[in-house]
Amino acid sequence: MKNLNTKKSSKLFDEAKKYLPGGVNSPVRAFKSVKRDPLFISRAKGQYIYDVDGNRFIDYVGSWGPMILGHAHPAVIAAIKKAATNGTSFGAPTASEVEMARLVRKMMPSVEVVRMVNSGTEATMSAVRVARAFTNREKIVKFAGCYHGHFDSFLIKAGSGATTFGTPDSPGVPGDLAAKTLVAEFNDLESVKRLFEDNRGEIAAVIVEPVVGNMGVVNPKGGFLLGLLDVAHSNGALLILDEVMTGFRLARGGAQELLGIRPDLTTFGKIIGGGLPVGAYGGRREIMRSVSPDGPVYQAGTLSGNPLAMAAGLAQLKILDKQRGIYRRLEKLGKLLEDGINRNMVKLGLSYTLNRAGSMFTLFFTSERVHDFNSALACDTNRFAAYYGEMLKRGIYLPPSQFEAAFISAAHTERDIEKTIAANYDSLKAIS
Ligand code: KE4
């Protein structure tokens with residue numbers, strides 16, 4: 001299998017490193033953990049992404065989740081173009097923000113009141129501030145390996161890029177603030193109960209990825225999330241479901257619809273913006289009315305509810321709201337891929353672990369079950385890196401880290417899945 005021509009990408013990367021930290025605007029894009037220069041992308045359409053050297057790939061990153069309908073969806077592009085002709089930002093309320101809030105509540109009824117922000121991080125940090133104010137408590141519980149964005153309080157045993165680069169506890173976070181973040185083990189309810197026993201009356205909220213994407217995909221064990229809700233509520237704390245990744249992806253109503261759980265607060269990002277910078281947080285009216293200007297909890301944003309971002313997000317969400325067959329299709333394609341990769345491993349006498357939740361999946365290079373952070377960390381990341389390069393050579397663009405979720409879009413076809421299964425077989429064979 002010939003090597004890729006990536007000359008233009010590498011030249012751009014050398015130039016980028018002169019002006020940007022690590023040559024990128026978000027660490028995990030730097031391809032460091034897969035030991036190669038990143039590809040610079042020129043365009044994308046549907047399930048395909050094209051780099052500046054003219055290579056085409058079947059894309060399983062999908063901008064890390066937003067592109068559930070595929071890239072440059074005609075309805076999304078048309079909505080952005082139309083909105084842009086009316087101006088790009090007003091710093092004043094618009095009808096599109098009301099429409100967005102109403103649609104979010106229709107799709108996720110637990111979100112009675114919602115505030116738009118500009119990223120998933122803004123959403124989660126604001127939700128934690130509201131929870132701290134509403135409960136008049138300062139401590140929060142997160143789970144090792146979960147990633148909720150780069151807010152100081154979350155960079156404690158954080159997943160995603162923080163784990164990829166070995167900085168799950170980032171420098172620069174004040175010790176006294178870090179001490180207010182308590183860390184439990186995902187899928188281990190006892191670890192949560194112990195934290196509540198040791199910190200009686202001090203924990204404002206538990207924040208969790210209902211299905212984890214940021215250790216790689218890790219599903220909740222039966223009863224874990226409902227148990228979490230019960231433990232939080234019986235100790236006077238709130239449950240925040242971080243659905244930045246799972247929201248509108250795992251089901252029309254996100255993981256909370258799929259898993260039948262009603263949180264106090266939910267956070268959003270990615271899909272809600274249709275590829276433009278959007279985040280949101282919301283939940284029970286009695287909690288959200290503490291947010292300024294209704295209440296005293298201050299949170300603001302110059303570009304929050306930006307008309308172009310609302311147009312893109314609304315165009316995408318309206319399709320997801322109306323065409324519910326999309327979720328059946330994503331599940332079908334996900335199952336097809338999972339079965340194909342597992343068949344390959346049987347043929348090759350390999351026993352790596354593939355975790356999947358609908359259109360989110362991760363192939364872990366370990367033969368153990370991956371159900372929490374420690375079992376995810378046991379993976380052979382060097383073998384993942386070798387596999388990554390082989391898949392890239394075969395035209396498959398995966399997230400460049402063992403600790404990330406890959407995403408199938410509604411633009412992917414059965415043929416794409418077959419090609420991916422074939423590339424997976426050849427790549428696993430090549431590194432074995
Ligand atoms: P942003 O601030 O990156 O929009 O969202 C932060 C965030 C919050 N919660 C969850 C569950 C998330 O997955 C994320 C961001 N996800 C990563 C990928 N795992 C974004 C990619 C990146 O950091 O470049």
Side-chain angles (χ1 to χ4, degrees), residues 20-34 38 41 59-68 116-128 140 142-165 167-168 170 186 206-220 240-250 254-256 263 265-281 301 303-304 306 309 312-313 357 359-362 373 376 398-407:
L20 299 163
V24 292
N25 281 311
S26 197
V28 75
R29 300 177 190 172
F31 271 43
K32 255 187 177 169
S33 70
V34 292
I41 302 305
D59 179 21
Y60 287 100
V61 178
S63 180
W64 303 95
M67 312 322 290
I68 189 169
M116 308 310 296
V117 292
N118 302 284
S119 71
T121 297
E122 259 198 278
T124 52
M125 64 184 264
S126 306
V128 161
I140 62 168
K142 76 173 290 287
F143 293 88
C146 281
Y147 178 76
H148 304 291
H150 64 88
F151 175 43
D152 282 350
S153 291
F154 299 141
L155 292 178
I156 320 294
K157 285 201 183 299
S160 182
T163 294
T164 302
F165 296 108
T167 53
S170 172
F186 190 73
V206 177
I207 184 167
V208 67
E209 293 180 58
V211 170
V212 185
N214 288 297
M215 306 179 203
V217 175
V218 175
N219 284 298
I240 303 171
L241 282 195
D242 178 355
E243 294 226 45
V244 166
M245 190 182 283
T246 57
F248 314 112
R249 173 167 286 277
L250 291 187
Q256 56 192 266
L265 293 171
T266 302
T267 55
F268 303 97
K270 299 180 191 285
I271 289 173
I272 197 173
L276 267 63
V278 180
Y281 67 99
L303 297 173
S304 297
N306 171 273
S359 57
M360 293 166 54
F361 66 94
T362 302
F373 196 35
L398 293 168
S401 162
Q402 173 69 90
F403 308 109
E404 291 289 356
F407 302 97

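Order of appearance sets the numbers: ligands from 1, and atoms from 1 within every ligand.
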Fill in the blank from the handout: Note: ligand 1 atoms sitting under 4.0 Å from heavy atoms of E209 are 11 (C)

Problem - Side chains of H148 and M125 in contact at under 4.5 Å (non-hydrogen atoms) - result: no

Exercise for the section: Would you mind running through ligand 1 and noting each atom that sits below 4.0 Å from a heavy atom of D242? Expected result: 8 (C), 9 (N), 10 (C), 11 (C)

Problem - Least distance between heavy atoms, N118 atom then S304 atom - result: ND2-OG, 3.3 Å

Completion exercise
Among N214, V244, N25, the residue with a heavy atom nearest to atom 13 (O) of ligand 1 is N214

Practice task
Using a 4.0 Å heavy-atom cut-off, say whether E122 meets ligand 1 through its side chain, its backbone, both or neither.
Solution key: neither

Exercise for the section: Considering only non-hydrogen protein atoms, determine which one is nearest to atom 18 (C) of ligand 1 and report residue, atom name and distance to 0.1 Å. Expected result: E404 OE1, 3.5 Å

Handout entry: Atoms of ligand 1 close to V28 [distance to a heavy atom under 4.0 angstrom, numbered from 1]
Key = 22 (C), 24 (O)

Exercise for the section: State whether the shortest distance between N or O atoms of T124 and N or O atoms of ligand 1 falls below 3.5 angstrom. Expected result: no

Exercise for the section: With heavy atoms under 4.0 Å as the rule, classify the contact between H148 and ligand 1 as side chain, backbone, both or neither. Expected result: backbone

Handout entry: Parallel, tilted or perpendicular: ring planes of Y60 versus F361, cut at 30 and 60 degrees
Key = perpendicular

Fill in the blank from the handout: heavy-atom search around atom 20 (C) of ligand 1 in the protein gives K270 NZ, 3.5 Å

Fill in the blank from the handout: closest protein heavy atom to atom 3 (O) of ligand 1 is T121 OG1, 4.5 Å

Fill in the blank from the handout: Scanning both residues in full, the closest heavy-atom pair of V217 with T362 reads N-OG1, 2.9 Å

Practice task
Flag atom 9 (N) of ligand 1 as yes if some protein heavy-atom distance to it falls below 4.0 Å, otherwise no.
Solution key: yes

Completion exercise
When rounded to the nearest 0.5 Å, the distance separating NZ of K142 from OG1 of T124 is 11.0 Å

Handout entry: Heavy-atom side-chain contact between Q402 and T164 under 4.5 Å
Key = no

Completion exercise
Smallest heavy-atom separation, V211 atom then P220 atom, equals CG2-CD, 3.8 Å

Problem - Protein heavy atom at shortest distance from atom 1 (P) of ligand 1 - result: G120 N, 3.6 Å

Fill in the blank from the handout: When distances are taken from atom 22 (C) of ligand 1, the protein heavy atom at minimum range is S26 OG, 3.4 Å

Problem - Side chains of E209 and F186 in contact at under 4.5 Å (non-hydrogen atoms) - result: no

Handout entry: Identity and separation of the nearest protein heavy atom to atom 21 (C) of ligand 1
Key = W64 CG, 3.7 Å

Problem - Validation row: F143, V212 side chains within 4.5 angstrom (heavy atoms) - result: no

Practice task
Hey, could you give me the CZ/OG distance between R29 and S401, rounded to the nearest 0.5 Å?
Solution key: 14.5 Å

Handout entry: Contacting atoms of ligand 1, where contact means under 4.0 angstrom from a heavy atom of M245
Key = 13 (O), 19 (N)

Completion exercise
For G149, the atoms of ligand 1 under 4.0 Å from one of its heavy atoms are 6 (C), 7 (C), 8 (C)

